[in-house]
Amino acid sequence: MKIAITGIGIVSALGMNSADTLATLTTECRWQTLLRPPRFVETRHKVPVGEVGCSSEDLAKKLNVNSCSRTALLGMLAVHEAMNDAQINSILPNRIALVSATTVGGMDLSEKFYVDFLQNPKRGRLRMVVGHDCYDSTQKIASYCSIKGFCTTLSTACSSSANAIILGARLLENGIADAVVAGGCDSLCRFTLNGFDSLRILDSQPCRPFDANRSGLNLGEGAGYVVLQRADKIIPEKAYCYLTGYANRNDAFHQTASSADAGGAYLAMSESLKMAGLQPKDIDYINVHGTGTSNNDEVEGSAMIRLFGKEHIPTFSSTKPLTGHTLGAAGGIETVLSVLAIRHRMLYPNLNFNTVDPDLGLIPNRVLQKNVTINHVLSNSFGFGGNDTSLVFSSH
Amino acid sequence: MKVHDIYIKQAADSENLKCEFKSLVKDANLRRRMSRLSKIGVHTALECLQYGTGCIDKIDAIITATGYGFLSNSENFLKDLIQNQEKFANPTSFIYSTFNTLGFQIAQLLNNHCYNTTHTHRECSFESALLDGIMQISSDKSKNVLVGAFEETTPTEIKILKRLGMSVSSMPAERATFFLLGNDPENALAEIKSLEFNVEWSKKDEWLDALNSKHNNYSHYCNRELYDQKLKQGRKNYYCPVYSAHTLWTVLKRSTKTGTNVIYTRDPGMNGTSIKIEVLRVNDH
């Protein structure tokens with residue numbers, strides 16, 4: 001069954017919606033200011049992050065909702081945009097499903113609650129902790145956007161929202177819904193900033209994916225969702241592009257590092273191509289996971305060399321120097337960016353790349369290329385727990 | 001939705017584990033790195049697979065479900081970073097705080113690269129994972145799918161729940177339930193007949209009646225919260241996210257009633273709807 005993408009919604013450091021995002025992507029002078037020290041997170045870590053340029057209070061006002069976790073607010077914004085974009089008003093609300101992914105859930109508020117609670121278990125405002133779990137954001141989004149069909153939440157670290165998109169496609173295939181909104185949302189918080197700091201993989205400069213001197217990632221936040229519908233149930237003009245292949249594979253090697261033979265990453269990419277019925281040479285662009293950590297880029301690069309052959313690697317770039325690593329939202333945000341690449345015929349730059357890594361010998365795309373015919377895009381999302389997921393998007 | 005030709009082949013619950021953990025996970029370093037919840041989760045999953053007996057040669061999907069995940073790891077890391085003013089936090093509890101930790105640990109032990117995901121939808125996490133598992137078999141041609149739920153309750157969680165005015169059940173701090181689903185009826189414990197989401201609230205009377213009915217081959221199990229609400233209107237009761245998985249295990253392994261069994265779980269967000277799992281017990285113990 002062919003699955004069409006009929007709506008997109010995105011919020012990230014690149015902008016508050018897809019029009020904003022597109023404007024930033026095509027305005028080179030704005031790129032270098034996207035990653036800056038956090039303004040809305042109270043932390044001593046003054047490292048660059050890809051923050052959404054709006055406080056939680058202002059986001060709540062903009063959406064006209066009571067204040068809740070930033071994760072939920074970002075999710076509401078992007079899901080609302082995706083549903084408006086897809087114009088699915090004719091579908092019954094109980095036939096619209098939501099598969100949302102998040103890794104931090106309501107942590108941005110519960111970590112504030114916990115500061116008071118630690119001093120005295122009778123202190124801390126309870127309304128800051130009731131939305132701690134991942135479910136809470138999904139439910140708030142569903143309620144805000146009047147989604148009344150099947151709803152669920154996935155959390156598989158940095159591959160979460162790519163897995164949400166896979167589950168969304170399978171719900172359509174099984175007739176559980178007529179339209180599925182799938183993607184993910186995550187907000188910056190002290191918990192993740194300190195988590196990645198404790199692992200010593202936060203770069204104090206803007207990240208340099210695939211560069212020989214790369215020294216870690218920058219965190220980001222945001223939300224990215226797509227509306228999926230069966231291609232045979234819509235008019236072709238409604239489709240941005242199609243989800244033609246996907247695979248979720250596990251590296252089964254180490255909780256935070258990837259195996260040297262890149263087993264999981266290779267399997268995810270090759271199986272998703274197989275499902276799409278494509279040969280490696282058919283891929284026009286890879287939106288790589290490319291976090292900028294030594295381990296990820298080395299393993300992802302090796303898997304690409306193994307699959308495509310060193311001489312035949314398609315044009316590839318990491319968009320994380322533009323958005324930061326948005327964790328559970330990354331797969332959703334990068335899916336929307338892949339859709340925009342196909343629709344607007346452009347290839348994104350991999351910023352901050354200067355020196356070829358001699359162990360890999362790979363050079364990513366370094367400039368914004370326009371008017372490029374892009375038929376097939378491969379998007380990678382790899383995470384903690386060896387969770388490796390690849391998606392293939394095709395123009396027809 | 002109606003489900004066809006999907007069977008529950010095996011089931012295990014942390015309440016009734018038979019093998020020693022050491023005999024299942026022989027690597028002492030690996031055991032030491034696991035939190036209590038991981039140990040119980042891995043132990044239950046491996047017993048469900050009858051690991052080590054060579055019965056199951058290949059698992060095609062590992063699907064885990066949890067409401068709150070590794071709460072104590074999350075809390076330890078948070079405490080660490082607050083108390084040390086964001087300096088020198090120990091990464092271990094951060095690394096193992098991700099919800100997919102258990103799914104990974106099972107994959108690692110089985111050296112299995114298959115589909116692996118984690119559903120985290122509060123009370124409905126298990127049902128969501130079960131739907132994923134059913135779809136894996138019915139449309140994705142998988143043969144053996146491991147589906148399970150795990151949860152831990154921490155002292156902090158209990159304090160917060162009490163402040164929220166909820167009564168807390170006296171379940172063990174860490175618990176897990178796992179099922180092996182397959183497409184082959186041979187030696188199956190039960191056949192899954194249907195899995196329905198958004199079942200109307202109004203039908204609760206129907207199943208509460210059935211709960212009390214004396215019909216031998218028809219028994220209903222329900223979410224304790226809903227049952228209690230029926231009994232004591234207005235009383236809030238904390239409902240453990242793994243309750244429905246545990247109830248399904250009880251139906252399969254402990255109940256004396258064969259025939260069709262139905263398990264209801266309230267969906268907390270969907271305006272008073274519930275999820276209904278219908279299974280036909282085919283193998284009597």
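Chain letters run A, B, ... following the sequence lines, proteins first and then strands; every chain starts at 1.
Figure legend: cation-pi geometry between Arg170(A) and Tyr115(B), with NZ or CZ positioned under 6.0 Å from the six-membered ring centre and within 45° of its axis.
If you measure heavy-atom distances from Leu171(A) to chain B, the contacts under 4.5 Å come from both the backbone and the side chain. The contact between Thr138(A) and chain B is made entirely by side chain atoms (from C-beta outward), counting heavy-atom distances below 4.5 Å. Interface remark: Leu154(A) contributes backbone and side-chain atoms alike to the contact with chain B (heavy atom separation under 4.5 Å). Contacts between Thr92(B) and chain A at a heavy-atom distance below 4.5 Å are absent for every atom of the residue. When heavy atoms are compared at a cutoff of 4.5 Å, Val115(A) approaches chain B by way of both its backbone and its side chain. The part of Asn163(A) that comes within reach of chain B is its side chain, from C-beta onward, which places non-hydrogen atoms under 4.5 angstrom from that chain. Only the backbone of Asn112(B) comes within less than 4.5 Å of a heavy atom of chain A; no side-chain atom from C-beta onward does. In this structure, no portion of Leu109(B) lies under 4.5 Å from any heavy atom of chain A. In this structure, no portion of Val99(A) lies under 4.5 Å from any heavy atom of chain B. Using a 4.5 Å cut-off between heavy atoms, Glu75(B) contacts chain A through both its backbone and its side chain. Contacts of Ile62(B) with chain A are absent, with no heavy-atom separation under 4.5 Å from either backbone or side chain. Neither the backbone nor the side chain of Ser93(B) has a heavy atom closer than 4.5 Å to any heavy atom of chain A.
The choice from Thr66(B), Thr98(B), Leu81(B), Leu110(B) that makes the most heavy-atom pairs within less than 4.5 Å of chain A is Leu81(B). Most heavy-atom pairs under 4.5 Å with chain A: of the set Gln105(B), Met1(B), Gln83(B), Gln108(B), this distinction falls to Gln108(B). Interface summary for chain A: among Ala61(B), Ala89(B), Gly69(B), Cys114(B), the most heavy-atom pairs under 4.5 angstrom belong to Cys114(B).
Remark: side-chain polar atoms of Arg44(A) are paired, donor with acceptor, to backbone N or O of Glu86(B) under 3.5 angstrom. Using a distance-only test at 3.5 Å, with no hydrogens or angles considered, no donor-acceptor pair links the side chain of Arg249(A) to the main chain of Asn116(B). Not one N or O on the side chain of Asp133(A) forms a donor-acceptor pair closer than 3.5 Å with the backbone of His121(B). Not a single donor-acceptor pair under 3.5 Å links the side chain of Arg190(A) to the backbone N or O of Leu78(B). Proximity of a side-chain donor or acceptor of His113(B) to a complementary backbone N or O of Asn250(A) within less than 3.5 Å is detected.
Taking CG of Asn387(A) as the reference point, atom OG1 of Thr117(B) lies at 6.5 Å (rounded to 0.5 Å). Taken from OG1 in Thr152(A) to CG in Leu131(B), the straight-line distance is 8.5 Å, to the nearest 0.5 Å. Leu167(A) contributes atom CG, which lies 6.5 Å from atom OG of Ser128(B) (distance to the nearest 0.5 angstrom). Arg122(B) contributes atom CZ, which lies 10.5 Å from atom SG of Cys134(A) (distance to the nearest 0.5 angstrom).
The aromatic rings of His132(A) and Tyr68(B) lie parallel to each other, their planes meeting at an angle below 30°, with 60° marking the opposite boundary.
Between Phe77(B) and the options Tyr114(A), Phe191(A), Phe196(A), a ring-ring contact (aromatic ring centres under 6.0 Å, His included) holds for only Phe191(A).
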* Apply the test ring pair (Phe, Tyr, Trp, His ring centres under 6.0 Å) to residues Phe104(B) and Phe384(A): give CA-CA distance (whole Å), side-chain angles for both, the deciding distance (0.1 Å), then the verdict. => CA-CA 9 Å; Phe104(B) 162 72; Phe384(A) 274 19; 10.0 Å; no
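Side-chain contact of Glu123(B) with Tyr135(A): a donor-acceptor pair under 3.5 Å is absent, judged by distance alone.
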